[in-house]
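These numbers were taken from a predicted model, which means no experiment stands behind them.
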Amino acid sequence: MSRRAGRTSGAGRGAGLLVAVPAAIGLAFLALPLAGLLVEAPWGDLDVLATAEVRQSLGLSLWTSTLSAALSVVLGVPLAWYLARGRSRWTRVVRGVVTLPLVLPPVVGGVALLAVLGRGGPVGGWLDRWGVTLAFTPAAVVLAQLFVAMPFLVVTVEGALRGSDGRLEQAAATLGASRVTTLRRITLPLVAPSVAAGAVLAWARALGEFGATVTFAGSFPGRTQTLPLSVYQALGRDPDAALALSLVLLGVCLAVIVLLRDRWLR
């Protein structure tokens with residue numbers, strides 16, 4: 001018996017090492033660049049953060065990412081409900097379209113938005129005749145962020161809906177509750193923590209968006225230049241300023257994800 005227990009214990013230690021070693025390497029790969037940013041940051045010279053250009057970029061990033069996260073909730077929750085509860089043959093196609101921006105290069109997404117919503121596009125041209133221009137405006141920043149961020153919320157909420165107890169919804173329907181009442185009183189309260197977590201992920205993704213924004217909205221200081229665009233522009237002329245701006249993004253995203261997302265998930 002003791003010999004068998006010894007073999008089991010040895011196999012357990014071997015399996016633990018098999019998991020621990022690649023996990024440690026993966027963690028180091030993710031953590032070391034962030035630690036390097038903290039080490040190389042010009043802590044004694046952060047005056048760049050007080051400039052008007054940085055304040056404008058940070059303010060633009062905060063309100064556009066907040067608006068895009070709110071739109072992600074309004075549009076993404078119904079979409080997630082359809083994907084989780086839909087039985088149509090088109091559900092799989094819709095899921096593919098929704099998840100495509102997760103793997104699509106953001107700059108390609110920006111090109112696609114420009115092709116459709118730019119002045120030469122079918123929708124953008126029609127809007128332009130009514131005096132509405134989207135490309136290279138603050139609205140374009142929001143749309144670019146929404147395009148890349150909303151799939152994060154949809155995937156999160158769809159997973160929660162699939163894992164929720166469907167018998168509660170069936171019981172409500174049996175008792176005569178309408179679909180709207182069931183959705184409002186049963187379904188949404190069940191998945192509310194996942195909606196909040198998905199909104200946080202969408203907000204953080206929107207805050208760090210670069211490729212689609214620079215392609216569809218451009219980089220005009222005070223108008224469409226978000227903080228990630230300011231980091232890229234500063235990298236060529238003043239690397240210390242780029243490091244300082246990166247610290248701001250790192251701090252904001254880290255605070256939101258660690259403090260808020262974990263709290264809501266619990």
Would the distance check show the side chain of [X] and the main-chain N or O of [Y] forming a donor-acceptor pair, the cut-off being under 3.5 Å?
X	Y	result
R162	V157	no
Q56	G59	no
S68	S65	yes
S57	Q225	yes

Can you hop from [X] to [Y] via hydrophobic side chains spaced under 4.5 Å?
X	Y	answer
V39	L34	no
V142	L153	no
F136	V123	yes
L134	W126	yes

Please round to the nearest 0.5 Å and tell me the distance separating atom [atom1] of [X] and atom [atom2] of [Y].
X	Y	atom1	atom2	answer
L71	L67	CG	CG	4.5 Å
L227	L60	CG	CG	9.5 Å
T213	F147	OG1	CZ	12.0 Å
L207	L249	CG	CG	5.5 Å
L235	D240	CG	CG	11.0 Å
L117	F216	CG	CZ	4.5 Å

Using residues 88-114 as the side-chain source, report each donor-acceptor pair under 3.5 Å to any protein atom, sequence neighbours left out, with the distance given to one decimal.
from	atom 1	to	atom 2	distance (Å)
S88	OG	W90	N	3.1
T91	OG1	S88	N	3.4
T91	OG1	S88	O	3.0
R95	NE	E158	OE2	3.0
R95	NH2	L83	O	3.0
R95	NH2	E158	OE2	3.0
T99	OG1	R95	O	2.9
T99	OG1	G96	O	3.3

Minimal non-hydrogen separation, [X] against [Y], with atom names:
X	Y	answer
R205	F152	CG-CE1, 3.6 Å
L161	A84	CB-CB, 3.6 Å
A202	A149	O-CB, 3.3 Å
A28	P33	O-CD, 4.2 Å
V73	A199	CG2-CB, 3.8 Å
A217	T224	O-OG1, 3.1 Å

Worksheet item: Which hydrophobic side chains are connected to V214, either touching it within the sub-4.5 Å cutoff or through other members that do?
Response: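 When side chains under 4.5 Å apart are linked, the cluster holding V214 also contains F210, L229, Y232.
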Practice prompt. Report yes if the side chains of L250 and L38 come closer than 4.5 Å at any heavy-atom pair, otherwise no.
Written response: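 Yes. Closest side-chain heavy atoms under 4.5 Å.
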Discussion item. Are the side chains of L62 and W203 in contact, using a 4.5 Å heavy-atom criterion?
Written reply: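 Side-chain contact under 4.5 Å: yes.
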Worksheet item: In this structure, are over 12 heavy atoms from other groups packed under 6.0 Å from R119 atom CZ?
Response: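 Open: at most 12 neighbouring heavy atoms sit under 6.0 Å from CZ of R119.
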Discussion item. For E40, I'd like to know if atom CD has over 12 heavy atoms of other residues, nucleotides or ligands within 6.0 Å.
Written reply: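 For E40, atom CD is not crowded (no more than 12 foreign heavy atoms under 6.0 Å).
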Practice prompt. Examine the side chains of T64 and Q145 and answer whether a donor and an acceptor come within less than 3.5 Å of each other.
Written response: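 A donor-acceptor contact under 3.5 Å links the two side chains.
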